[in-house]
Amino acid sequence: MSVWREVKETLYQRFADQWVSDGPEPGPLTAFTLDNEKFDPPDAQWVAVKAIRLPGGSGTMGSRGNRKMDRVGLLIIDLREPPGRGSGDLADLAERAAKIFENCRLLASHDIRFAEVEPGEESDIDKGRWWGVTVEGRFEYEELN
């Protein structure tokens, strides 16, 4: 399995484990989709989570098999809801999504490290079909090469 696949699966599993309801009924806080899954958005709040790679660099020099590469990625969490519901609930969800990863270090797979994870500005999406906000978090991870 590729390192990138392991990193993505670790991030997606953390989101799925943390994005749970506080109520008496166990289950996800809202409907969500990960990366390239087939998804039919409900007429309610929902979330799409995606990780992308960014350019990184060498962590150490050496012969093949003995080099550490410092890799970089961006986690994008898109939160959506039907328009006309106000923005309070969506802002609260965005803060909750950010806290799942902010100042987080995941040692299980390649020492994944986040610093700031921030919600952006709320706006209409898809010509007014949705009201939304995107949470972005840059992370670093290591790969032995």
Side-chain angles (χ1 to χ4, degrees), residues 1-61 67-145:
M1 181 183 313
S2 74
V3 170
W4 179 241
R5 180 176 174 181
E6 290 176 23
V7 168
K8 287 189 343 178
E9 287 180 358
T10 300
L11 296 174
Y12 296 159
Q13 188 62 56
R14 178 168 177 89
F15 182 83
D17 290 346
Q18 300 286 320
W19 195 249
V20 293
S21 174
D22 294 330
E25 296 287 325
L29 188 59
T30 66
F32 66 88
T33 182
L34 304 173
D35 212 344
N36 191 24
E37 295 176 333
K38 185 174 181 170
F39 182 70
D40 187 21
D43 192 26
Q45 294 171 330
W46 58 275
V47 179
V49 182
K50 179 177 163 181
I52 59 173
R53 285 191 271 202
L54 299 174
S58 296
T60 61
M61 301 299 280
R67 293 180 288 205
K68 183 183 85 167
M69 305 300 287
D70 292 329
R71 303 292 191 202
V72 180
L74 181 66
L75 185 69
I76 301 168
I77 305 171
D78 289 321
L79 297 101
R80 302 290 183 258
E81 72 179 10
R85 301 179 65 185
S87 61
D89 287 345
L90 197 60
D92 291 346
L93 286 176
E95 288 294 328
R96 186 165 176 169
K99 286 179 182 177
I100 293 172
F101 294 99
E102 189 168 45
N103 293 318
C104 175
R105 186 172 186 178
L106 302 170
L107 297 175
S109 177
H110 307 286
D111 193 23
I112 304 167
R113 302 169 308 277
F114 283 87
E116 293 180 3
V117 181
E118 292 285 330
E121 293 297 317
E122 296 178 25
S123 63
D124 73 338
I125 308 293
D126 197 15
K127 299 180 183 174
R129 178 168 183 216
W130 302 105
W131 186 252
V133 62
T134 298
V135 175
E136 292 185 356
R138 185 180 176 276
F139 62 92
E140 298 173 350
Y141 63 99
E142 295 175 355
E143 179 178 358
L144 295 178
N145 188 344

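Quick note: numbers below take in every heavy atom, side chains included, and nothing from hydrogens, waters or symmetry partners. From a predicted model like this one, the values you see are computed outputs, not experimental measurements.
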More than 12 heavy atoms of other residues, nucleotides or ligands under 6.0 Å from CD of E121: yes or no? no
Can you tell me how far the CE atom of M69 sits from the OH atom of Y141, to the nearest 0.5 Å? 10.0 Å
Could you pull out the closest heavy-atom pair between L74 and F139, with the gap in Å? N-CE2, 3.4 Å
Say you draw a straight line from CG of D78 to CD of E136; how long is it, rounded to the nearest 0.5 Å? 8.5 Å
Shortest non-hydrogen separation from L75 to A51 and the atoms involved: CD1-CB, 4.2 Å
Where do W19 and L93 land on the side-chain contact (heavy atoms from CB on, under 4.5 Å) test, with the steps shown first? CA-CA 10 Å; W19 195 249; L93 286 176; 3.9 Å; yes
Run the side-chain contact (heavy atoms from CB on, under 4.5 Å) test on I77 and F101 for me, step by step, so that the C-alpha distance in whole Å, both residues' side-chain angles and the decisive distance to 0.1 Å come before the verdict. CA-CA 11 Å; I77 305 171; F101 294 99; 4.2 Å; yes
Could you grab the distance from atom CD of E81 to atom CD of E122, nearest 0.5 Å is fine? 7.5 Å
Closest non-hydrogen atom pair, V117 against P119: O-CD, 4.2 Å
Could you tell me if the side chain of I112 sits less than 4.5 Å from the side chain of R14, heavy atoms only? no
Between D70 and E140, is a side-chain contact (heavy atoms from CB on, under 4.5 Å) present by the stated rule, with each step listed? CA-CA 7 Å; D70 292 329; E140 298 173 350; over 6 Å; no
NZ/NE/NH1/NH2 to OD/OE distance under 4.0 Å, K99 and E95: no
Rounded to the nearest 0.5 Å, how far does CZ of F114 lie from CG of L11? 5.0 Å
Tightest non-hydrogen contact, residues G132 and L90, listed as CA-CD2, 3.7 Å
Would you call the rings of F32 and F15 parallel, tilted or perpendicular if under 30° counts as parallel and over 60° as perpendicular? perpendicular
Approximate separation, where rounding is to 0.5 Å, of D92 CG and L29 CG: 10.5 Å
Can you tell me how far apart CD (E142) and CZ (R113) are? Round to the nearest 0.5 Å. 5.0 Å
Nearest heavy-atom approach of P82 to Q45 is CD-N, 4.3 Å
Assess whether atom CG of D126 is packed by more than 12 heavy atoms of other residues, nucleotides or ligands within 6.0 Å. yes
If you count every heavy atom of other residues, nucleotides or ligands that lies below 6.0 Å from E118 atom CD, does the total exceed 12? yes
Assess the residue pair K8 and V3 against the criterion (side-chain contact (heavy atoms from CB on, under 4.5 Å)); give the C-alpha distance rounded to whole Å, side-chain angles, the decisive distance to 0.1 Å, and a yes or no. CA-CA 9 Å; K8 287 189 343 178; V3 170; over 6 Å; no
What is the minimum heavy-atom distance between R105 and D111, and which atoms define it? NE-OD1, 2.6 Å
